[in-house]
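Right, one structure below, let's go through it.
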Amino acid sequence: MKKLLLTTFFVVTFFALTAVSAAALDSGTVKVGLRYGSTALFSANLENAVGSGYEFGYFDDGREFQFLGRTEERTISMTATGDIYMSTDGTYSAAPPSGGYRHMGPWHVEIGGFRDFDDAQDAAWDYDDAYPAWIDWEYVIRVGCYDTREEAEDAAAELGEGSAVKSSSTGVTVTVTKTTEILFEFDCSGVLDLGVLPDGQGDDAVTWFKGYRYAGGFEYARVTGGNINVINVVDLEDYVKGVITSEMSGTWPLEALKAQAVCARTYACRTSKHLSAYGFDVCATSDCQVYNGIGQTASAASDRAVEETAGECLYYDGYLVQDPVYHASNGGATEDAANVWGTEKGYLKGKEDPYETRTSIPNYSWTVTYSASELSWILQQKGYDVGTVKNVYVSEYTPVGNVKKVTFEGTGGTRTVTGDTCRTIFYSSTYNKSVKSLRFSINGGGPAGSGGVYVNGSGSMLSGLDGVSVISGGGTVTALNGDTFTAITSSGTSTVTAGGGTVQPTASNSGSFTITGTGNGHNVGMSQYGAKAMAELGYDYVDILEFYYTDIDVR
């Protein structure tokens, strides 16, 4: 019967993972991955901020919390079972730390046959170093933390009952933080995850985790051993309140905040997510949308924006929008998703943006300069090695004037990149340099036969040299004669040839390339500063959303 039960739980849980995001929309509850994958934790602490104590259990397929037990302790730690070492400062680790430490071994004496948590807890008080546990859907107590099987067997013999067992690679041990006092152990072979629900003592519970305050409960997933994924299980509207002031200032106009709230809510509820395999809807970083819990920068306006748009999402052609993406500013025009990420989205169409320039945007215009050696190294690190870079230029713009293709020419060949890579390929943490948006130009290099002559910073182009005059530093105006001339710029020289209006710039004499642009982000979807500008001009949040997303409904 137990094997049948395990199989049933596995099937239900697997289905829940594949449908995890749909559950967010249906249940009004969001699962937010706070730590997972490479950021998963060996041990995760919680501390009550509002309320006192915690309930232990698990969240079922409907995201309802199922109670297993409780504690009155206000500071608790969830740690991967096995060998646990606690240093003198109370830090838990899987290996012996330097200096002094206490060790909790993986072997225990297990005694079964208890009907509920209280029954197991009462029994545990009759033994030294004993605690209740829920192991494979049964209440047991475990006594001691021994290094070896032999030690556990000797202890069982001395007790006259129980058997030696070892904590598995899917278990989670709950202790009083910075102590070796075990409160509870949970292990359902990775089929169910430990849930912890803070007790608000009559108020809405708020809990500290890693320096931030969170509403709702927590889930600790340890399906395949190793460290623990930490997930915040929180009401959808509380989640949105946390997002909008992490992504947009709470002092901005109400209608801009409402537009951000609808986008954030839609993103959390979308049904296709690259992180669903981890068992949550959305991560807490800019890989999804930034979420640092509640209360850090919340304002009356930001909370009001969420409350006045409660439940509202973006829809296109009758379906929930799957990519309600946004960015800080577009520099003058948004862009088609197909030109940036290669996938056509009917609601993500590029258009010129007349609103951003109507508000103040910090660092709206920017310039960054790369040496040829810097670009050569960056390209090599990213798998685009062209040898020593000799020339870099924008080889194609989109109809609205954003960059679509960038070409690199070097001693080892030529590479052209497209879409968002035109921006991200320039990022380097080593040199602390980046290209901030897809709206830019490059000085210091260029293509042969580009079809015109640029005459000012706005990008105006002449088709040839006929009728072109130049003014010297002394004010003398001279008509150009002949087929070519050389222009000197801050970044080098360019040889301009007549004959059909072609431009044949040479690589910069200084061996550097200067990129000048406007905006900040991938240019797709809503401009956050554009939303601010529209709100300041009197537009409401639906107007804002309908401008930045094509043919959508808000409902």
Side-chain angles (χ1 to χ4, degrees), residues 1-10 43 53-58 65-73 76-86 92 94 102-177 179-197 220-223 225 228:
M1 181 63 185
K2 184 176 289 185
K3 286 185 178 179
L4 176 60
L5 182 62
L6 281 168
T7 302
T8 302
F9 268 103
F10 177 78
S43 185
Y54 304 88
E55 294 182 353
F56 307 129
Y58 60 90
F65 184 79
Q66 301 300 317
F67 173 86
L68 294 175
R70 66 164 286 107
T71 180
E72 300 295 330
E73 296 289 342
I76 62 174
S77 296
M78 280 53 63
T79 305
T81 58
D83 284 295
I84 301 174
Y85 297 86
M86 189 188 75
Y92 303 100
R102 298 179 66 183
H103 178 230
M104 291 181 280
W107 287 92
H108 321 279
V109 176
E110 183 172 291
I111 302 170
F114 302 98
R115 65 180 180 272
D116 57 28
F117 179 84
D118 290 339
D119 192 23
Q121 181 70 82
D122 289 344
W125 285 332
D126 294 334
Y127 302 88
D128 292 331
D129 298 323
Y131 54 89
W134 203 62
I135 310 297
D136 290 337
W137 299 274
E138 293 182 0
Y139 287 99
V140 300
I141 63 171
R142 288 186 164 179
V143 183
C145 295
Y146 304 100
D147 292 349
T148 65
R149 176 193 288 272
E150 290 74 17
E151 291 175 345
E153 288 175 340
D154 290 344
E158 185 176 337
L159 290 173
E161 61 179 328
S163 57
V165 297
K166 185 179 184 181
S167 293
S168 84
S169 63
T170 56
V172 178
T173 298
V174 184
T175 62
V176 179
T177 298
T179 77
T180 57
E181 181 184 349
I182 300 177
L183 301 170
F184 186 62
E185 187 171 331
F186 179 98
D187 192 349
C188 283
S189 303
V191 175
L192 293 177
D193 302 321
L194 171 65
V196 174
L197 192 65
Y220 300 88
R222 194 178 179 225
V223 177
I228 300 169

For D119, give me all partners under salt bridge (charged side-chain N to carboxylate O under 4.0 Å, His left out), at least two apart in sequence or on another chain.
R115
Run through D129, I135, I111 and flag the one making a side-chain contact (heavy atoms from CB on, under 4.5 Å) with R142.
I135
Run through T173, T79, V176 and flag the one making a side-chain contact (heavy atoms from CB on, under 4.5 Å) with I182.
T173
Are S189 and T170 close enough that a side-chain donor and a side-chain acceptor fall under 3.5 Å?
no
Quiz question: by atom type and distance under 3.5 Å, do the side chains of E185 and S167 form a donor-acceptor pair?
yes
In this structure, are over 12 heavy atoms from other groups packed under 6.0 Å from D126 atom CG?
yes
Would you please classify the geometry between the Y139 ring and the F117 ring as parallel, tilted or perpendicular, with 30° and 60° separating the classes?
perpendicular
Over 60° means perpendicular and under 30° means parallel, so classify the ring planes of Y85 and H103, tilted if in between.
parallel
Does any part of the side chain of H108, heavy atoms only, come nearer than 4.5 Å to the side chain of Y131, both counted from C-beta?
yes
Please list, chain by chain and in numerical order, all residues satisfying side chain to side chain donor-acceptor pair (under 3.5 Å) with T179, sequence neighbours excluded.
none
Those residues at least two apart in sequence (or on a different chain) that pass side chain to side chain donor-acceptor pair (under 3.5 Å) with E158 are none
Under a 3.5 Å distance rule, please check whether R222 uses its side chain to pair with a backbone N or O of S169 as donor and acceptor.
yes
